[in-house]
K.L.:
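Structure incoming, see below.
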Amino acid sequence: MLSTTPARRTTRTLTAVGGGVLVLVLLPVPSALAKPDGTRWATVTASVETPSAFDDEAGGNADADDPALWVHPTDGDRSVVVGALKNGGLGVYGLDGALLQSLPAAPAPPGATEAGRYNNVDVVTGVRLGGRTLDLAVVSDRGRDRVRVFSIDPRGSAAGAGVLTDVTAPDVAPVFSADESEVDEQATAYGLAAGRTPDGGAVVLTTRRHSTDFATLRLVAGPDGTVGYRTESRGALPTEFALPGGGSWTPCEEPGELPQMEGSVYDPASGSWYVAQEDVGIWHLSQDERGAWSQRLVDRVRAYGVPATFDEESETCQVTGDDPGQGGTHLTADAEGLTIAQRADGKGYLFASSQGDSTFAVYELRGSNRYVGGFRVADGAGIDGVQHSDGATVTTKPVGTAFPHGLLITHDGENTPTTEDADGEDRVDTDFKLVPLERVARPLGLRF
């Protein structure tokens with residue numbers, strides 16, 4: 001089922017029996033294009049990129065995945081980007097893309113097999129814990145099935161190699177696993193989003209690898225100034241979907257796996273969440289006063305409803321019937337990174353990574369989440385475009401002199417030009433791209 005790109009971005013493709021591939025590729029256009037339905041399409045470029053992360057021994061097995069942004073409250077030029085690098089831990093970058101700090105992933109404790117693997121990261125500011133007010137970077141540790149917490153130095157980039165400090169309480173428990181042997185099986189914390197609640201606390205949603213399970217956690221003060229968490233609720237998304245006219249559809253996965261989620265974001269104006277189920281689409285999740293979850297499917301991937309079975313020999317999903325025409329038109333699986341461009345009035349836009357065709361879709365944040373338009377980050381002057389993006393983050397705030405109208409940061413799954421290793425093989429090269437937000441907002445008619 002998984003087709004592998006040169007940078008090992010896992011994109012889901014369905015292969016027809018005759019050999020055709022059900023993937024729609026949207027080619028870049030030179031400027032904004034208005035469509036008959038009133039939506040728009042644009043091609044934009046990045047102005048800054050971070051250094052390459054190489055997923056090999058020489059590069060510390062660093063594989064860029066998900067970015068977060070901390071905006072300095074008074075001096076935007078001292079804002080920092082925090083990037084999850086999987087086995088490579090965390091990287092902290094200035095707005096010029098330069099690496100300020102590198103933090104290794106947590107080692108495997110005695111008796112355990114798996115070391116830390118930092119998958120997703122989010123930033124939450126102004127959190128009140130234990131009599132203190134903190135700005136925090138929160139990370140899903142996929143290797144150890146924990147959530148890790150780092151305090152952010154208020155000096156920002158001026159703190160140099162001391163921007164982040166690990167303040168995770170030493171006794172935090174696995175999020176999903178019953179014990180350490182189950183942790184080693186790696187059905188662990190995967191996607192993550194965090195947000196500040198109206199009472200000044202912080203809530204975290206994390207999803208589970210190869211599962212439809214998710215959990216919400218509340219950050220709590222730990223011993224000696226550390227930060228821990230307690231589980232507030234658990235839920236799960238569907239694995240089977242009814243089709244019009246009878247029958248049902250289950251997304252094709254490898255044996256023993258379920259259609260997992262990763263990309264997620266908290267909407268502070270409504271206290272709800274958006275979560276991307278990779279082979280299904282984007283969900284809106286909310287809770288009532290009793291804690292019961294409500295789930296609404298905002299948009300579907302193009303291959304939604306297409307019957308397929310996993311072929312062990314080719315390791316792909318083979319289409320076994322006709323497309324029932326239930327799929328969407330804006331997302332090619334995997335549906336991945338989600339981020340919200342919020343306005344002062346609580347309205348705004350939801351950005352979503354359509355990883356399968358290396359594009360992004362934009363939806364209204366309120367109401368039925370109407371699709372507004374889409375864009376691609378293409379090659380620019382000295383900076384390559386974005387392919388197979390996992391995570392993204394956006395802010396509408398001014399971010400220093402370089403980004404006075406806001407900033408979009410995306411993961412790039414295939415950074416170029418390629419670099420060869422000692423054996424003449426291309427190294428797996430990923431990074432993060434920084435895009436001035438007005439380059440997206442103006443051609444798509446987004447209003448902030």
K.L.:
Give a yes or no on whether the backbone of Gly201 and the side-chain of Arg196 come within a donor-acceptor separation of less than 3.5 Å.
P.N.:
no
K.L.:
Minimum heavy-atom separation for Trp273 and Val204, please, with both atom names.
P.N.:
CH2-C, 3.9 Å
K.L.:
Tyr190 side chain to His210 main-chain N or O, any donor-acceptor pair under 3.5 Å?
P.N.:
no
K.L.:
Which heavy atom of Arg366 sits nearest to which heavy atom of Lys347, and what is that distance?
P.N.:
CG-CG, 4.1 Å
K.L.:
So does Asp345 have more than 12 non-hydrogen atoms from other groups sitting under 6.0 Å from CG?
P.N.:
yes
K.L.:
Any salt bridge linking Asp56 with Arg427? Criterion: basic side-chain nitrogen under 4.0 Å from a carboxylate oxygen.
P.N.:
yes
K.L.:
Could you check whether any side-chain heavy atom of Glu49 comes within less than 4.5 Å of a side-chain heavy atom of Asp412, counting everything from C-beta outward?
P.N.:
no
K.L.:
Taking atom CD of Gln326 and atom CZ of Phe241, what is their separation to the nearest 0.5 Å?
P.N.:
12.5 Å
K.L.:
Name the one of Thr207, Asp213, Val183, Thr188 that satisfies side-chain contact (heavy atoms from CB on, under 4.5 Å) with Phe176?
P.N.:
Asp213
K.L.:
Show the nearest heavy-atom pair for residues Lys86 and Asn119, with the distance to one decimal.
P.N.:
CE-OD1, 3.8 Å
K.L.:
If you look at every heavy atom in Thr339 and Val265, which pair is closest and at what distance?
P.N.:
CA-CG2, 4.0 Å
K.L.:
Quick one: side chain to side chain contact (heavy atoms under 4.5 Å, CB included) partners of Glu289, sequence neighbours excluded?
P.N.:
none
K.L.:
Looking at Asp431 and Pro51, would you say the former's side chain and the latter's main chain have a donor-acceptor pair under 3.5 Å?
P.N.:
no
K.L.:
Look at the side chain of Glu336 and the backbone N and O of Gln355, then say whether any donor-acceptor pair between them is shorter than 3.5 Å.
P.N.:
no
K.L.:
For Ser264, enumerate each residue passing the side chain to side chain contact (heavy atoms under 4.5 Å, CB included) test, keeping only those at least two apart in sequence or located in another chain.
P.N.:
Ala193, Leu205, Val275
K.L.:
Give a yes or no on whether a salt bridge exists between Glu278 and Arg209, defined as a side-chain N under 4.0 angstrom from a carboxylate O.
P.N.:
no
K.L.:
Does any N or O in the side chain of Thr206 come within less than 3.5 Å of the main-chain N or O of Gly191, such that one atom is a donor and the other an acceptor?
P.N.:
yes
K.L.:
Would the distance check show the side chain of Asp141 and the main-chain N or O of Arg117 forming a donor-acceptor pair, the cut-off being under 3.5 Å?
P.N.:
yes
K.L.:
Does some side-chain heavy atom of Trp41 sit less than 4.5 Å from a side-chain heavy atom of Thr359?
P.N.:
yes
K.L.:
Would Arg296 and Asn369 count as having a side-chain donor-acceptor pair, cut-off 3.5 Å?
P.N.:
yes
K.L.:
Assess, by modelled atom type and distance only, whether the side chains of His411 and Thr430 contain a donor and an acceptor separated by less than 3.5 Å.
P.N.:
no
K.L.:
Applying side-chain hydrogen bond (donor to acceptor under 3.5 Å, both in side chains) to Thr45 and Arg439, what does each step give before you reach the verdict?
P.N.:
CA-CA 8 Å; Thr45 58; Arg439 295 186 182 180; 3.1 Å; yes
K.L.:
Please report the closest heavy-atom contact between Arg144 and Ala115, naming both atoms and the distance.
P.N.:
CD-C, 3.8 Å
K.L.:
Is Ser52 reaching over with its side chain to a backbone N or O of Phe54, donor-acceptor style, under 3.5 angstrom?
P.N.:
no
K.L.:
Do Gln318 and Thr316 pair up side chain to side chain, a donor and an acceptor below 3.5 Å, judged on atom types alone?
P.N.:
yes
K.L.:
Would you confirm whether Thr212, through its side chain, and Leu237, through its main-chain N or O, come within 3.5 Å as a donor-acceptor pair?
P.N.:
yes
K.L.:
Indicate whether the side chain of Tyr371 and that of Asp299 have a donor and an acceptor atom separated by less than 3.5 Å.
P.N.:
no
K.L.:
Which heavy atom of Thr226 sits nearest a heavy atom of Pro170, and at what distance?
P.N.:
OG1-CD, 4.3 Å
K.L.:
I'd like to know if the side chain of Gln277 reaches the main chain of Gly281, judged simply by a donor and an acceptor atom lying under 3.5 Å from each other, with no hydrogens or angles considered.
P.N.:
no
K.L.:
Looking at Arg376 and Asp357, is there a salt bridge between them, counting it only when a charged N and a carboxylate O are closer than 4.0 Å?
P.N.:
no
K.L.:
Check side chain to side chain contact (heavy atoms under 4.5 Å, CB included) between Arg218 and all other residues, then give those that pass, not counting sequence neighbours.
P.N.:
Thr197, Asp199, Val220, Arg230, Glu232
K.L.:
Within the 3.5 Å criterion, strictly below it, is a donor on Asn120 or Ser140 matched to an acceptor on the partner's side chain?
P.N.:
no
K.L.:
Test ring-ring contact (aromatic ring centres under 6.0 Å, His included) on Trp283 and Phe214; report intermediate values, then the result.
P.N.:
CA-CA 13 Å; Trp283 293 87; Phe214 62 89; 10.0 Å; no
